[in-house]
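Heavy-atom basis, side chains included; hydrogens, waters and symmetry copies ignored. This is a predicted model, so every value here is computed, not measured. Numbers restart at 1 for each chain; the letters A, B, ... are given by sequence-line order, proteins then strands.
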Amino acid sequence: MIKNGSSLVDRLVLNPVQRDAVVYDGGPELVFAGAGTGKTRVLTSKIAYLIDKGVPPGKIFAATFTNKAAREMRTRVEDLTGMPVEGLWIGTFHSLCVRILRREGRSLGYVPHFTIYDSSDQLSLMKKVLKSLEVDDRSMSPRQALGIISNYKNGCITSGELEGRVSGFFEQELLKVYKTYQKLLKEQQAMDFDDLLSNTVFLFRGNEELLRKYQSFFDYVLVDEYQDTNAAQFELIKLLSGRHRRIFAVGDDDQSIYGWRGAKVENILSFEKQFPDTKVFKLEQNYRSTKAILSFANSAIAENHYRAAKQLWTDRSGGEQVTVHRYRDDRQEADTVAKRIASSVNGKLRGGDIAVLFRTNAQSRSFEEAFRKHKIPYVLVGGTGFYERAEIKDCLAYLRLIVNPCDNVSFERVFNVPARGLGDKALESLSAAAAEKNSSLLETLLSIDASLLGSRCQKGFSDLKSIFELLKEKSGCSPHEVLHSVLHLSGYMDMLTNEGSEESLGRVENINELSSALGAWSGENPEKKLADFLEEVTLISDVDSWERKEDAVNLMTLHCAKGLEFKHVFLVGLEDGIIPSRQNIDDEVKTEEERRLLYVGATRAMEKLECSHVDQRWRFGDLLRSSPSRFLSSIPEELFQFKDESSSFGQIQASFQSRTPVRPVNTVRQTEMPERPSYDDFSQDTVEYRMGQHVKHKVYGRGRILQISGFGDDMKLTVLFNDGARRKLMARFANFESI
DNA sequence: GGCGTAAGACTTTTT
DNA sequence: GTCTTACGCC
């Protein structure tokens with residue numbers, strides 16, 4: 001396969017710009033890599049090139065966006081170099097940081113086997129924090145508090161730094177919450193996702209010697225998807241490459257879609273300022289899509305102002321025209337897409353070559369139903385993952401407690417599962433004892449006489465105590481055996497089998513699946529421990545476990561689709577309020593991110609792109625009317641073909657824009673829609689309402705309309721009144737007074 | 001003091 | 001439509 005004598009760089013299949021980017025070795029380097037321009041190829045070639053030049057793999061730090069990308073890149077590098085690349089630091093920022101924190105976290109007060117809290121664990125902890133601080137839950141919701149704290153952490157701002165900087169009651173309150181939340185995390189030897197990044201930064205900030213050690217430990221710092229790095233990741237990169245400045249970043253500002261998670265497009269746009277003497281390469285030749293698709297995507301993204309100048313091109317001329325379909329409702333949309341897929345799949349085009357991409361997970365439902373109905377195999381990427389199921393989380397909570405007995409969140413999750421007569425009062429008395437001993441709940445339970453806790457729950461406590469005593473003895477066994485013991489000693493399996501319902505049978509099946517997954521994992525990683533399994537399971541992402549199946553159509557969100565490609569792509573639900581999302585529609589910066597999301601979706605397609613929007617969509621059990629996405633109206637008509645299928649005859653219409661006027665934001669007005677005979681009854685609406693409209697109610701006073709749902713006699717209005725209450729009213733009974 | 005039922009909130013996107 | 005929370009019952 002490999003010609004002897006030729007150097008590796010000659011064997012790499014690269015165009016001139018790609019090649020220049022791979023061999024450049026003169027300091028900071030930024031590669032703008034548009035969609036489909038061979039970004040992964042450049043990155044893997046670069047790593048292979050460095051290794052071939054004699055850089056030990058262990059001296060390369062390469063951050064990718066998903067674990068899947070890391071796995072694939074490792075394999076490709078091994079293919080290119082022809083040898084295993086032991087010791088290469090490649091992974092997501094989160095997993096690379098965990099690796100550093102497990103080694104060095106002691107100086108931050110963490111044991112090596114600390115627990116990683118996922119978002120539901122975070123929520124449990126935050127609820128506890130707000131309760132203990134007696135924060136009025138009307139002024140601050142747990143989610144809101146977590147969101148703000150997450151922003152602080154992504155910016156590496158400690159609660160200490162906030163001190164003295166905050167004013168106002170809410171901020172003072174929040175600071176207390178932030179402090180308590182962090183204090184509890186540390187007491188429980190747990191970190192949330194944000195901590196993994198920020199704590200690594202704090203570790204290096206606070207320890208010059210350690211920083212120097214890691215600065216010389218890594219000779220090269222490579223970052224994929226640079227446009228989606230946040231402030232913490234940026235600082236980490238800067239710290240690690242501080243000595244040698246050998247930093248190589250690849251990204252595409254047009255594909256920055258994680259701003260809501262703290263990612264900063266500025267990182268890529270101001271890279272040259274941050275790292276002087278940067279050499280910039282621009283990959284603009286697209287090898288993925290047809291010209292028709294690329295023109296459509298280019299035109300959509302051209303509306304954005306905040307972006308680096310560039311223009312993707314391809315020498316693949318022509319291709320099938322992009323189509324935009326209009327459907328009556330989301331059911332028709334799903335059904336028609338399913339039918340079209342069924343008829344287009346053949347020997348050359350398999351289900352696995354096709355993807356249906358949507359903005360929100362909720363949209364997947366109608367497609368799942370339609371695919372089942374038409375017997376089309378599909379895989380849904382994401383949604384509620386296996387490891388988020390209650391029974392799986394319960395099992396994992398037991399396992400976590402064996403690894404880390406300080407983990408009170410896990411303890412509270414399972415201390416009465418299966419039910420053993422322990423409730424709030426029992427927890428209260430144990431908590432009090434734990435506070436007195438300055439110890440965790442489980443450790444307290446194990447160390448004290450159960451009879452000291454309330455008389456009523458003694459039996460339960462002594463049962464629980466002996467369960468964990470027995471489990472402790474098993475902690476030296478293989479992870480698989482430990483899980484087995486958990487399931488049987490805790491009574492969890494008995495609980496499910498005794499119940500005997502269909503649901504509990506499903507749960508048993510899931511647990512068996514977990515058990516075999518753990519067994520298989522142990523087989524593949526004999527040297528790894530239970531703690532490693534728990535870590536992997538927590539840091540796993542939706543796409544990580546996705547594998548293209550030959551015949552299964554892929555259903556996923558636009559975010560999940562990043563980095564993937566499919567021959568045929570269906571971009572569905574292109575409506576105002578969906579994309580751009582309702583909560584981002586009034587904000588210019590956020591709307592630009594939504595447009596990039598559309599761009600990401602469109603550029604996933606290789607041969608055929610089919611877009612759609614619907615007139616009405618079910619939401620919360622109500623039928624909501626929608627209008628085509630504003631993004632569509634900025635794309636020149638000649639770049640796509642519009643097909644109105646909302647009346648079931650699917651006649652082709654010459655023009656998109658002339659038939660479907662762009663309507664003002666969120667107005668609900670039947671008459672603005674093009675004529676649709678079957679829906680004439682809408683016009684019976686006698687009163688018109690707008691989102692945001694101010695109204696005055698006889699009883700509740702003044703307020704503002706937040707949402708309108710249903711139509712005709714069923715129209716419901718959600719109104720936020722000035723007394724702070726949110727009420728849902730039937731429009732026809734509302735009888736608002738004139739203002 | 002725990003357990004079951006009904007109203008209530010709720011959906012953007014995820015490591 | 002689904003998951004969470006509050007309340008009343010046993």
* What's the CG-C1' distance between A/Leu123 and C/dT5, to the nearest Å? -> 13 Å
* To do: With heavy atoms under 4.0 Å as the rule, sort A/Arg596 into base, sugar-phosphate or nothing.
  => nothing
* Asked: So what does A/Lys127 touch, heavy atoms closer than 4.0 Å: a base, only the sugar-phosphate, or nothing?
  -> sugar-phosphate
* Hey, is A/Asp576 close enough to A/Arg582 for a salt bridge, meaning N to O under 4.0 Å? -> no
Listing time: all N or O pairs from protein to nucleotides 13-15 of chain B that are below 3.5 Å?
from	atom 1	to	atom 2	distance (Å)
B/dT13	OP1	A/Asn361	N	2.7
B/dT13	OP1	A/Asn361	ND2	3.0
B/dT13	O4'	A/Arg359	NH2	3.4
B/dT13	O2	A/Trp260	NE1	3.2
B/dT13	O2	A/Arg359	NH2	2.4
B/dT14	OP1	A/Thr557	OG1	3.0
B/dT14	OP2	A/Asn361	ND2	3.3
B/dT15	OP1	A/Ser541	OG	3.1
B/dT15	OP1	A/Asp542	N	3.4
B/dT15	O4'	A/Arg261	NH1	3.4
B/dT15	O3'	A/His94	ND1	3.4
B/dT15	O2	A/His94	NE2	3.0

* Whether over 12 other heavy atoms sit under 6.0 Å from A/Arg143 CZ -> no
Under 3.5 Å, which protein N or O atoms sit close to an N or O of nucleotides 6-10 of chain C? Give each pair with its distance.
none

* Where along residues 145-158 of chain A does a heavy atom come under 4.0 Å from DNA chain B, residue by residue in number order? -> none
* Asked: Crowded around A/Gln144 CD? As in, over 12 foreign heavy atoms under 6.0 Å?
  -> yes
* To do: Please name the residue in the list A/Asp192, A/Asn230, A/Asn199 that meets the side-chain hydrogen bond (donor to acceptor under 3.5 Å, both in side chains) test with A/Lys153.
  => A/Asp192
* Atom CG of A/Asp424 and atom P of B/dC3: how far apart are they, to the nearest Å? -> 11 Å
* **Distance, rounded to the nearest Å, where A/Arg420 contributes CZ and B/dC3 contributes P** => 11 Å
* Roughly how many Å is it from CD in A/Gln363 to P in C/dG1, rounded to a whole number? -> 18 Å
* What's the CG-P distance between A/Leu130 and C/dT5, to the nearest Å? -> 12 Å
* To do: In whole angstrom, give me the gap between the P atoms of B/dT13 and C/dT4.
  => 15 Å
* Give the rounded distance in Å between these two atoms: CZ of A/Arg143 and P of C/dC3. => 13 Å
* **A/Asp224 backbone acceptor or donor facing A/Lys39 side chain under 3.5 Å** => no
* Anything under 30° is parallel, anything over 60° is perpendicular, the rest tilted; go ahead and classify A/Trp260 against A/His559. => perpendicular
* How close or far is atom P of B/dA9 from atom CD of A/Gln144, stated in whole angstroms? -> 16 Å
* Contact class for A/Leu196 (heavy atom, under 4.0 Å): base, sugar-phosphate, or nothing? -> nothing
* Asked: Honestly, is A/Lys562 close enough over A/Phe65, meaning NZ or CZ under 6.0 Å from the six-membered ring centre and within 45° of the axis?
  -> yes
* Structure fact -> The answer to which of A/Asn416 and A/Lys590 contacts DNA chain B further toward the 5' end, by nearest nucleotide, is A/Asn416
* Is a donor on one side and an acceptor on the other found under 3.5 Å between the side chain of A/Glu594 and the backbone of A/Asn584? -> no
* Separation of A/Leu427 atom CG from B/dG1 atom P, in whole Å? -> 12 Å
* Side-chain donor/acceptor of A/Glu575 to backbone N/O of A/Val614, under 3.5 Å -> yes
* Asked: Would one find more than 12 heavy atoms of other residues, nucleotides or ligands at under 6.0 Å from atom CG of A/Asp424?
  -> no
* Same-atom distance (P) from B/dT11 to C/dA6, integer angstrom -> 16 Å
* Asked: In terms of side-chain geometry, is the basic nitrogen of A/Asp121 or A/Arg413 positioned less than 4.0 Å from the acidic oxygen of its partner?
  -> no
* Kindly say whether A/Arg307 contributes a backbone atom to a donor-acceptor pair with the side chain of A/Asp253 at under 3.5 angstrom? => no
